[in-house]
S.K.: 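One structure follows; several queries about it will come next.
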There are 2 protein chains.
Amino acid sequence: MKTRILVAACTALAVSFGAQANETKPEDLIKARQAAYAFIAWNMGRVRANTEPQAVYNKDDVIKAANAIQAVANAGLGQLYAKGTEKGTGFRETRVKPEVFMPEHGAKLGEIAGNFNKEANALAAVAAKGDKDAVRAQLGKLGETCKACHDSFRTK
Amino acid sequence: MKTRILVAACTALAVSFGAQANETKPEDLIKARQAAYAFIAWNMGRVRANTEPQAVYNKDDVIKAANAIQAVANAGLGQLYAKGTEKGTGFRETRVKPEVFMPEHGAKLGEIAGNFNKEANALAAVAAKGDKDAVRAQLGKLGETCKACHDSFRTK
């Protein structure tokens with residue numbers, strides 16, 4: 001009886017420690033990162049549509065989209081590139097390149113990620129002011145940071 | 001020559017109007033809504049892991065996750081249920097029930113969506129204070145609003 005209780009207690013503890021370390025399965029992390037970028041892409045599309053030359057600019061819609069982009073970008077996406085997520089299938093097979101996980105590319109990756117966050121924060125700030133042309137220009141800057149990462153760290 | 005220019009101009013105009021209406025393809029909207037909820041789910045998992053009894057609570061991590069949940073919840077997700085998205089495949093086949101698109105269920109759906117936003121906003125506010133037990137309790141309230149929608153408006 002004592003042994004059974006001890007086993008149960010240890011199992012509970014192991015579950016707790018597992019939770020503490022947030023040991024999410026690699027495929028769930030890959031799914032979450034695909035979700036993050038897909039949601040950002042939809043919101044960037046909304047901003048782009050609002051800033052087309054012929055479009056009627058909807059300031060509130062752009063603010064919501066920009067705030068979502070900012071929060072997702074700043075959510076701590078680095079956690080989604082944990083060891084074990086180099087290959088695998090979330091919603092679909094990951095397109096991440098092995099270079100993302102190589103220390104010698106860390107500086108470049110960090111710079112791109114930092115630029116991505118910086119331009120996402122700037123987009124939210126510009127969106128709040130409601131100047132269509134400024135938002136369009138800032139969206140372009142954000143898009144460049146997306147492209148920089150795709151060019152180096154994602155397969156086509 | 002004049003005709004060719006006119007055709008080109010009309011095409012450009014049509015493209016612009018298409019962008020103005022933000023006529024995203026139904027499958028892209030379905031993908032974006034699957035992305036939104038998958039990203040929320042990952043962030044709720046982070047908050048949950050932080051608030052397990054044995055877990056070391058990381059206030060900053062919880063704030064980032066809660067802010068992301070809040071921004072996604074408030075991004076205007078209703079747009080992702082546009083006409084044409086009743087059936088279809090984004091990342092995978094949608095599990096949305098037809099009831100979502102039936103006017104007679106609008107009031108109930110609106111109430112659930114409103115509660116979801118309210119509890120997501122509250123989670124971000126509670127997370128900012130850093131009280132582990134309060135965050136855990138608020139996460140539970142948010143989870144109830146997720147369940148309410150799944151029970152009525154999503155297939156198993």
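Not measured: the values here are computed from a predicted model. Chain identifiers are assigned alphabetically (A, B, ...) following the order of the sequence lines, protein sequences preceding nucleic acid strands; residue numbering begins at 1 within each chain.
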S.K.: Let's test your reading of the structure: which of B:Leu80, B:Asn74, B:Ile63, B:Asn43 forms the most heavy-atom pairs below 4.5 Å with chain A?
M.R.: B:Leu80
S.K.: So, taking the atom named CG in A:Asn67 and the one named CG in B:Asn67, what distance separates them when rounded to the nearest 0.5 Å?
M.R.: 10.5 Å
S.K.: Is there a path of hydrophobic side-chain contacts, each under 4.5 Å between heavy atoms, that joins B:Tyr81 and B:Ile30?
M.R.: no
S.K.: Do you know the tightest heavy-atom contact between A:Phe91 and B:Gln34?
M.R.: CZ-O, 4.1 Å
S.K.: Heavy atoms only: give me the nearest A:Ala75-B:Phe39 pair and the separation to one decimal.
M.R.: CB-CZ, 3.9 Å
S.K.: Please walk me through it: do A:Val72 and B:Val72 pass side-chain contact (heavy atoms from CB on, under 4.5 Å)?
M.R.: CA-CA 8 Å; A:Val72 175; B:Val72 175; 4.1 Å; yes
S.K.: Nearest heavy-atom pair of A:Ala35 and B:Ala38: which atoms, and what distance?
M.R.: CB-CB, 3.8 Å
S.K.: With a cut-off of 6.0 Å (strictly less than), are more than 12 heavy atoms of other residues, nucleotides or ligands near CD of B:Glu93?
M.R.: no
S.K.: Pick one of side chain, backbone, both or neither for B:Asp28, based on which atoms fall under 4.5 Å of a heavy atom in chain A.
M.R.: neither
S.K.: Going by heavy atoms in the side chains, are A:Gln79 and B:Trp42 under 4.5 Å from each other?
M.R.: yes
S.K.: Decide if atom NZ of A:Lys141 counts as having more than 12 heavy atoms of other residues, nucleotides or ligands within a radius under 6.0 Å.
M.R.: no
